[in-house]
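A short write-up of the structure that comes next.
Heavy atoms only: backbone and side chains are in, while hydrogens, waters and symmetry mates are out. Throughout, a chain's letter reflects where its sequence line sits, starting with A, and its residues are numbered from 1.
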Amino acid sequence: MSSTETPDLKKHLAQLLAEALGVVAPEMAAATIELERPKQAQHGDYACNLAMQLAKPLRRSPREIAQALLESLPASRYVARTQIAGAGFINFFLDPSVKRQTVKRILREGDDHGRSTLGQGRKVQVEFVSANPTGPLHVGHGRGAAFGASLANVLEAAGYAVAREYYVNDAGRQMDILALSTWLRYLELNGIDLPFPPNAYQGAYVRAMAREIHEAHGDRYVHPALAVLHQMPSAEAEPEAHLDALIANAKRLLAQDYWYLHDLVLTEQLGDCRHDLLEFGVTFDAWFSEKSLADNGLIERALGLLEQRGHLYQQNGALWFRSTRFGDEKDRVVRRENGAYTYFAADIAYHLNKYERGFDRIINVWGADHHGYVARVKGALDALGLDPDRLTVSLVQFAVLYRGGKKLSMSTRSGEFVTLRELRREVGNDAARFFYVLRKSDQHLDFDLDLAKSQSTDNPVYYIQYAHARICSVLEQWGGDPARLPEADIGALTGAHETALLERLQEYPEVTENAARELSPHLVAYYLKDLAGDLHSYYNAEHFLVPEERLRLARLALIRATQQVLRNGLSLLGVSCPEKM
RNA sequence: GCGCCCUUAGCUCAGUUGGAUAGAGUGUUGGUUUCCGAAGCCAAAGGUCAGUGGUUCGAAUCCACUAGGGCGCGCCA
């Protein structure tokens with residue numbers, strides 16, 4: 001092992017303990033040895049609770065066992081000293097040189113620092129956003145986008161082969177409603193006097209699409225009001241039936257032209273959505289069409305498999321999946337009385353397809369309102385003979401916007417929603433990306449617009465970016481060649497702030513691994529806040545550009561390493577790191 | 001009514017596999033700049049981890065119940 005190379009210290013210490021255990025209590029060799037980082041510095045760099053775990057089976061006191069273990073512990077050049085503390089903890093204090101090696105390691109690994117082999121190249125698919133292309137993305141979708149994108153980055157850094165996918169709901173009633181809404185606005189532009197249903201899409205973007213069609217095609221798609229309203233259920237008494245009748249009339253009157261309009265509004269909205277996400281730094285490897293499932297016979301095939309296995313039955317003219325057999329609350333319809341497949345049927349086919357594409361792991365990022373749906377999808381996988389545990393559904397709670405301390409209310413249909421684009425324009429992409437992942441995904445998010453756009457100490461994004469910019473500024477004033485820094489003699493870094501910063505830097509690979517393991521990118525965000533705090537404290541306590549060259553280079557190497565970790569972490573979250581602010 | 005999620009400092013929230021004296025930001029109060037970016041730093045104050053019981057060497061963390069909040073429960077998507 002070369003002098004600049006430090007082993008995985010957790011594994012190293014666990015190995016030492018395992019050897020000691022073999023001497024002290026060979027019969028307990030199977031015990032799992034856990035090492036943790038104590039919260040307090042006085043408890044050392046790593047602590048082990050092995051002695052307390054063994055107390056009961058060995059019928060000896062924990063401290064006595066700890067003493068025996070330490071007496072049999074092999075010597076290691078990485079361990080400065082050990083102690084027994086509290087109820088029987090074994091605390092390890094590392095040799096200071098170990099911590100200093102992290103600087104060299106970070107500088108050597110550069111942008112790759114923090115990557116791990118946890119995933120071992122396994123294929124994982126992350127499906128996220130998947131919003132209906134029936135209008136602009138709103139701030140709720142934004143959270144799914146920011147979370148999913150950061151999660152995918154974190155998994156990739158942890159050594160998974162990640163595929164990012166967007167499921168496009170391009171079939172079904174919502175698309176029909178959008179096509180109808182656009183057509184009705186188009187008819188208005190042509191002077192046809194019709195009431196616009198309150199449960200159709202109200203947004204200005206619908207009028208905009210109607211205007212485009214009007215300009216391009218004049219009155220080509222005009223039909224008289226009487227024909228459009230032919231045999232209409234009351235809009236007041238039966239609003240949904242009214243809408244469905246309008247759709248049926250549109251399809252009948254427009255014939256092939258209906259599908260032209262349908263595809264036009266779909267393409268328009270999907271393109272808008274894709275562009276919006278691209279500007280937000282969120283990209284996908286695949287856009288999977290729901291419609292393609294039906295077109296390629298995948299739904300029939302999936303249902304055929306369920307049928308073969310005896311999990312389907314007919315009742316009241318509909319086809320049912322016996323999901324209660326697989327832990328669901330009730331059986332679910334997969335093909336309606338009118339012969340149409342349900343959304344659920346498409347989703348069974350979609351998930352079968354995901355499994356057949358060979359992903360070792362599948363992660364769905366869904367809005368929390370879909371949580372009732374998890375059991376039936378897993379049930380369907382089970383019924384198909386697939387392992388439901390390969391699928392993880394990550395539920396993302398809603399985001400509520402606050403401006404001036406006041407909650408903003410939103411509703412998609414009425415058109416009173418704040419779009420993701422508006423949010424990005426107001427607070428900027430960086431603040432939006434960061435604020436979205438600053439909460440655990442299963443927590444409600446209060447998104448404070450005033451805070452997100454404030455360029456002040458209150459704003460954690462600026463706090464972190466400021467730390468990065470400060471480092472850039474110092475390095476620029478130094479004016480030396482950064483390539484020299486990995487060779488710096490960092491033995492001079494012995495101050496309290498330096499030790500704290502070194503320990504923080506050492507944590508980073510564990511943070512990214514944890515974030516991947518727990519599917520929790522917010523851990524990275526919190527880590528970066530802490531790291532930036534350590535840097536600011538150090539900055540205010542010490543001067544970096546000191547006359548003595550050895551100390552100066554050591555300190556510059558340390559902040560250069562800090563800069564690198566800030567950059568790597570922010571990059572996982574899709575946040576930029578400006579050199580000047 | 002049933003199911004899932006949540007409840008931690010005045011406010012917004014972290015808290016890893018159960019681990020030692022429960023942390024951060026904000027707000028409040030006080031201090032800090034002849035010196036690399038004060039968008040910063042230092043300090044003080046602030047807690048029945050919703051409640052009760054259990055599991056054990058040890059519980060904010062696991063289990064049960066209670067209270068409060070959110071979401072879901074359609075031949076919608």
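- Contact check, A:Lys39 against B:A20: a side-chain N or O comes under 4.0 Å of OP1 or OP2.
- Nearest nucleotide to the side chain of A:Ala87, out of B:C35, B:U16, B:G19: B:G19.
- With ring centers used as reference points, A:Tyr436 lies 6.0 Å or more from A:Phe147.
- Projected onto RNA chain B by closest heavy-atom contact, A:Met581 and A:Tyr341 fall at different nucleotides, the more 5' of which corresponds to A:Met581.
- Taking the P atoms as reference points, B:A38 lies 23 Å from B:G30, given to the whole Å.
- Under the rule for a ring-ring contact (aromatic ring centres under 6.0 Å, His included), A:Tyr46 has no partner lying at least two apart in sequence or in another chain.
- Distances shorter than 4.0 Å separate none of the side-chain N or O atoms of A:Gln42 from OP1 or OP2 on B:U21.
- Separating the CD atom in A:Gln477 from the CZ atom in A:Phe544 is a distance of 12.0 Å, to the nearest 0.5 Å.
- Near RNA chain B, meaning a heavy atom under 4.0 Å from it, residues 547-567 of chain A has no residue at all.
- OP1 or OP2 of B:U7 has at least one side-chain nitrogen or oxygen of A:Gln443 nearer than 4.0 Å.
- Contacts of A:Tyr539 with the nucleic acid, taken as non-hydrogen atoms under 4.0 Å apart, include base atoms.
- Residue side chain A:Phe89 meets the stacking definition with respect to B:A20: its ring centre sits within less than 5.5 angstrom of the base's six-membered ring centre, and the planes differ by less than 30 degrees.
- Nucleic acid contact for A:Glu518: sugar-phosphate only, since backbone atoms but no base atoms lie under 4.0 Å from a heavy atom of the residue.
- Within 4.0 Å (heavy atoms only), A:His370 reaches at least one base atom of the nucleic acid.
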Toss me the dot-bracket line for RNA chain B: Watson-Crick and G-U wobble, both under 3.5 Å, 5' to 3', using | for pairs to another strand and [ ] for crossers.
-> (((((((..((((.....[...)))).(((((.......))))).....(((((..]....))))))))))))....

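- Taking only side-chain nitrogens and oxygens, A:Tyr462 never comes nearer than 4.0 Å to OP1 or OP2 of B:A38.
- Rounded to the nearest Å, the gap between the C1' atom of B:A45 and that of B:C62 is 35 Å.
- Here A:Arg517 does not reach the OP1 or OP2 of B:U17: none of its side-chain N or O atoms lies under 4.0 Å away.
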